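What follows is a short report on a single structure.
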Protein chains: 2
Amino acid sequence: MAAARRSDCPIGFALDCFGDRWTLLVIRDLLFKGKRRFQDFRRSEERIASNILAERLRALESAGIVDRHVAARNEGGVTYCLTTKGIDLAPVLVEMIIWSAQYDARTAADPEFVAAARADRNALLDAIAATYRADQGRDFATS
Amino acid sequence: MAAARRSDCPIGFALDCFGDRWTLLVIRDLLFKGKRRFQDFRRSEERIASNILAERLRALESAGIVDRHVAARNEGGVTYCLTTKGIDLAPVLVEMIIWSAQYDARTAADPEFVAAARADRNALLDAIAATYRADQGRDFATS
DNA sequence: CTGTATCCTTAGGGATACTG
DNA sequence: CAGTATCCCTAAGGATACAG
């Protein structure tokens, strides 16, 4: 169901994976907002429709960026989490956040986050991955 | 003509600026392929239509990411170049290239480029900016 | 709660022709 | 060469209802 890729360019490939108006927001929710459930994503500020969300999650799963887990009955519900391939998108998102923080006055990026990124980017990325893996989902992206 | 922004999230802002199927390819052409002219962009592998290209260039200009220059008559033509704000998108593109190089076998990223990025990312970004400003437009992104 | 299923609307995009 | 102007069309997205 994936659209035919338009070129062998790495930028083009990345665009094919997450170059639409919704996918990166879902990844943001996973990476920075600790969201794991369908309804969590739906409640995000941007108000994604349920059919669109379902489709994006399926696409992300089939791209190997997200894992879908069906919890035991008594646990309730379905959860999504990033694979390593998904966590490896953190640098892309971080650079986008830094760029927006620099050029958009209205952007609600955490100044501490940006300062940390500039001071020691590798340490920040390690921290993000560690935090993600610890499943604590601190909200880095917005105050 | 810019669509209303959907949120104050920095990721959302970035998406509003270049989160479509074409804009980042134009920026790629400027940043890594030394392209400066309308027809250059049109000749890119992905074959953008002239009306779409014109619209994206206008949007990029009005976002302050690209500057439009009308050369003297004897110089011929119109050229586009990145502003500082546009050059500052290099980190985003670089991370996308690294990610694609890691996860897509078909991607035609220059191994030297990726190695340089991993070895000393800041040096690479400086080199990109310097090369860009020197207007040499070496082709970093693809072999 | 996690999705499907429909229906409908619109914006984005392709093709093509044309202009200064 | 650097775009406009049209026309057309489809895929992407919103609303809503509902199923397991």
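These figures come from a predicted structure and were not determined experimentally. Letters go in sequence order (proteins before strands), and every chain restarts at 1.
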(message) Measure CD1/B/Ile52 against P/D/dG3 and give the value in whole Å, please.
(response) 15 Å
(message) Please tell me if B/Arg68 has a side-chain N or O lying less than 4.0 Å from either OP1 or OP2 of D/dG3.
(response) yes
(request) Grab the CZ-P distance between A/Phe38 and C/dT2 for me, whole Å please. (result) 8 Å
(request) Figure out the CG/C1' separation between A/Leu53 and D/dG14, and round it to whole Å. (result) 14 Å
(message) Just N and O in the side chain of A/Arg37: are any of them under 4.0 Å from OP1 or OP2 of C/dT2?
(response) yes
(message) Expressed as a whole number of angstroms, how long is the span from B/Asp40:CG to D/dG3:C1'?
(response) 14 Å
(request) Please tell me which of the listed nucleotides, D/dT4, D/dG13, C/dA5, lies nearest to the side chain of A/Asn51? (result) C/dA5
(message) Between C1' on D/dC1 and NE2 on B/His69, what's the gap in Å once rounded to a whole number?
(response) 18 Å
(request) Please determine, for the side chain of A/Trp22, which listed nucleotide (D/dG14, C/dG13, C/dA17) has the closest atom? (result) D/dG14
(request) State whether the distance check finds a donor on one side and an acceptor on the other, under 3.5 Å, for side chain A/Ser50 versus base C/dT2. (result) no
(request) Could you check if a side-chain atom of B/Tyr80 sits within less than 4.5 angstrom of a side-chain atom of B/Arg36, using non-hydrogen atoms only? (result) no
(request) For A/Arg56, report the nucleic acid contact type (base, sugar-phosphate, nothing); a contact means any heavy atom under 4.0 Å. (result) sugar-phosphate
(message) If you compare all heavy atoms of B/Leu30 against all heavy atoms of B/Cys81, which two are closest, and at what distance to 0.1 Å?
(response) CD2-CA, 4.1 Å
(request) Determine: side-chain N/O of A/Arg58 to OP1/OP2 of C/dG3, distance under 4.0 Å, yes or no. (result) no
(request) With the side chain of B/Arg21 defined as its heavy atoms from C-beta on, choose the nearest nucleotide among D/dT4, C/dA5, C/dG13. (result) C/dG13
(request) For B/Glu55 and C/dG13, give me the distance from atom CD to atom P, rounded to whole Å. (result) 8 Å
(request) Could you tell me the separation between the CD atom of B/Gln39 and the P atom of D/dC1, rounded to a whole number of Å? (result) 5 Å
(message) Can you see if the side chain of B/Arg47 gets near the phosphate of C/dA15 - specifically, an N or O under 4.0 Å from OP1 or OP2?
(response) no
(request) Could you tell me which non-hydrogen atom of B/Phe18 sits nearest to which non-hydrogen atom of B/Leu24, and how far apart they are? (result) CD1-CD1, 3.5 Å
(request) Give the minimum heavy-atom separation between B/Ala14 and A/Met96, together with the two atoms involved. (result) CB-CE, 3.4 Å
(message) Given C/dG13, D/dG13, C/dG3, identify the nucleotide with an atom nearest to the side chain of B/Asp20.
(response) C/dG13
(message) Measuring to OP1 and OP2 of C/dG3, would you say a side-chain N or O of A/Tyr80 lies under 4.0 angstrom away?
(response) yes
(request) Test side chain to side chain donor-acceptor pair (under 3.5 Å) on A/Asp67 and A/Thr83 and set out the steps. (result) CA-CA 6 Å; A/Asp67 269 344; A/Thr83 62; over 6 Å; no
(message) In this structure, how many angstroms lie between the C1' atom of D/dA2 and the CD atom of B/Glu61, rounded?
(response) 13 Å
